[in-house]
Structure formats: structure tokens, C-alpha cells
Amino acid sequence: MAAPDGAVVSTPGHAPHMAGMNPMHPAALGMAHAHGLPAHMSCMSDVDADPRDLEAFAERFKQRRIKLGVTQADVGSALANLKIPGVGSLSQSTICRFESLTLSHNNMIALKPILQAWLEEAEKSHREKLAKPELFSGAEKKRKRTSIAAPEKRSLEAYFALQPRPSSEKIAAIAEKLDLKKNVVRVWFCNQRQKQKRMKYSAGI
DNA sequence: ATGCATGAGTC
DNA sequence: ACTCATGCATA
């Protein structure tokens, strides 16, 4: 259950990505600074939502979403109906991560205005519940998810602690040692690094 | 809710 | 080859 109704979606098999998160992303333009902070930081960014606001919003968002009896997946697909330029649908995963703040700060800031817009629309038309026509249900290619066993995972974490960015050669060596595909190891390191940058556990915020 | 994966944009 | 936003599949 993905693409709601091949409307704004350009590529038939894939939802539009939010290509590069520019500090001036169109979707993030509507939110300026809503707090009365005395600006005296060296670098001035128009779009600076501090973590408190994001945290508060994410929480209210989830609470109201549930109040409306809407699932994370519902929100994701409903976003396409907002017809916001450059904004298509999102997955349950992303909505979930937004609510739990497990996204990068920049990602949170880019998504906030979009989800805020949806929330307002949803609460406004609370009475007139619209039926979503589920268009396709074809049986497509199933991606398989490799599962790294605990022992291997522990080794990877140990390597990561020593060297978060191993060279290609090093990755190959690790892969062979753990009997894993080199690509699996490479992706694991990428994901591990990305994990460190997620909002909730990031230091300095 | 979260692990592994993809793809666009960069460097 | 990496980062970043994002998602399918699965626990």
C-alpha cells in the first residue's frame, strides 16, 4: 500500500524523493522562526527550529493523529492529497521516525511544515471523512532483508568503535572475516554512521 | 518500531 | 564511494 493515486507521482514505480535537503527547501519555507529567541548566533539560518519546538510538535502531532484515528501509514499516503508542490507521499516508517524524533535535525525541520499542514487539513475536515481509493495491489518483487547474526553484529560494532569509516580494503577484509557480503558490510557502516546523526541521541542539541 | 537497502546528489 | 532522505520488509 504505497502510492495513493498516481497523481502527483512522477515516476511510476517510485515516490519522488525529497532531493537534497537544501536549507531553502520549498516545503520548509512556510515556517520561519516562530519563537522569540534573541538571535545572536554566528551563523544565521532562516530555518532554525530548535529541538524543543520540534520535540513538542512531534508529540502533539502524534497525539492528535491518534485522536483522529489515523495511522502513520494513513498520514503518509494522505500527504500526496495535500498537493503541496514537490511533496508526495511518505511511508509509515518516516512518519514513525518523525514522531519518535529518530530523524536528522534537518530532516525533522523539512518535514515539520508538511506534517503541520496535513494536521490542520485533517482537523478541519474531520467530519467529511474521505475514502481513499486503493488503486493497485499487484504482487510485485519482494525485496529480501538480510539479517546479520548477533555475533557478527557485535564484531561490526567493535570495528566501528575503532574505525567508523573503514577503507574499501578494510571493509573487504571485515566482510571476509565475518563471512558477509562486502556490500552488506559497507551498507552497515553507512547506516551506523547515519544512526549517530539522528536527532534524539545526538549530542550538542 | 527498526534493520538493511536504494537512489539522488556530492565531493 | 559517501551522505542523506526515505522505504520495504520484518520483528
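Protein chains get the first letters and strands the later ones, always in sequence-line order, with residue 1 at the start of each. Since we're looking at a predicted model, the values are computed, not measured.
With respect to A:V75, the side-chain contact (heavy atoms from CB on, under 4.5 Å) criterion is satisfied by exactly one of A:L119, A:L90, A:T94, A:V70: A:V70.
A straight line from NZ of A:K195 to P of B:dA5 spans 13 Å, rounded to a whole angstrom. Atom C1' of nucleotide B:dA1 and atom CZ of A:R65 are separated by 12 Å, given to the nearest angstrom. C:dG7 atom P lies 8 Å from atom CD1 of A:I95, rounded to whole Å. What separates CZ of A:R145 from C1' of C:dT10 is a distance of 5 Å, to the nearest Å. As a whole-Å value, the separation of A:M108 CE from C:dC4 C1' is 15 Å. The distance from atom CZ of A:F98 to atom P of B:dA1 is 14 Å, rounded to the nearest whole Å. Atom pair A:F189:CZ and B:dA5:P shows a separation of 14 Å (rounding to whole Å applied). Computed from coordinates, the A:L79 CG to C:dG7 P distance equals 10 Å when rounded to whole Å.
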key: Check against side chain to side chain contact (heavy atoms under 4.5 Å, CB included), A:K177 and A:Y159   = CA-CA 12 Å; A:K177 197 160 194 172; A:Y159 283 121; 3.4 Å; yes

task = Go through A:I148 and A:V185 one step at a time and tell me if the side chain to side chain contact (heavy atoms under 4.5 Å, CB included) criterion holds.
result = CA-CA 10 Å; A:I148 301 175; A:V185 174; over 6 Å; no

message = Working note: A:N81 + A:W118, criterion side chain to side chain contact (heavy atoms under 4.5 Å, CB included); need CA distance, chi angles, decisive distance, verdict.
response = CA-CA 9 Å; A:N81 302 337; A:W118 171 80; over 6 Å; no

Pair A:V87-A:L82, side chain to side chain contact (heavy atoms under 4.5 Å, CB included): steps then yes or no = CA-CA 8 Å; A:V87 178; A:L82 283 180; over 6 Å; no

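For C:dG7, the OP1/OP2 oxygens have a side-chain nitrogen or oxygen of A:T94 closer than 4.0 Å. The side chain of A:R165 places an N or O atom within less than 4.0 Å of a non-bridging phosphate oxygen (OP1 or OP2) of C:dT3. For A:T146, no side-chain nitrogen or oxygen approaches OP1 or OP2 of B:dG3 to under 4.0 Å. Applying the 4.0 Å criterion to OP1 and OP2 of C:dA9, one finds that A:K144 has every side-chain N and O outside that range. Contact annotation: A:S93 does not reach the phosphate of C:dG7 (side-chain N/O to OP1 or OP2, under 4.0 Å). Close to B:dA1, at under 4.0 Å from its OP1 or OP2, lies a side-chain N or O of A:Q72. Regarding contacts with the backbone of C:dT3, a side-chain N or O of A:R193 is found under 4.0 angstrom from either OP1 or OP2.
In terms of heavy-atom proximity, A:L101 sits nearest to A:M199 at O-CB, 3.2 Å. Taking every heavy atom of both residues into account, A:S89 and A:S77 meet most closely at CB-CA, 4.0 Å.
Residue side chain A:R97 reaches the base of C:dG7 through a donor-acceptor N/O pair under 3.5 Å, judged by distance alone. For a distance-only test at 3.5 Å, the side chain of A:R143 qualifies as a donor-acceptor partner of the base of C:dC8.
For the segment residues 147-164 of chain A, residues with any heavy atom less than 4.0 angstrom from an atom of DNA chain B are, sorted by number, A:I148, A:K153. Taken residue by residue, residues 174-188 of chain A places heavy atoms nearer than 4.0 Å to DNA chain C at A:R186.
Of the candidate nucleotides B:dA1, B:dA5, C:dA5, C:dA5 has the atom lying nearest to any side-chain atom of A:N106.
Taking the six-membered ring for Trp and thresholds of 30 and 60 degrees, A:F160 and A:W188 have ring planes more than 60 degrees apart, a perpendicular arrangement.
Annotation: of the two residues near DNA chain C, A:S168 and A:Q194, the 5′-most nearest-nucleotide partner is A:S168.
Ionic pairing of A:R154 and A:E157 is not present here: no N-O contact between side-chain nitrogen and carboxylate oxygen is shorter than 4.0 angstrom.
Residue pairs satisfying the salt bridge (Lys or Arg N to Asp or Glu O under 4.0 Å) criterion with at least one member in residues 55-70 of chain A, sequence neighbours excluded, are listed as follows: A:R64-A:E123, A:R65-A:E99.
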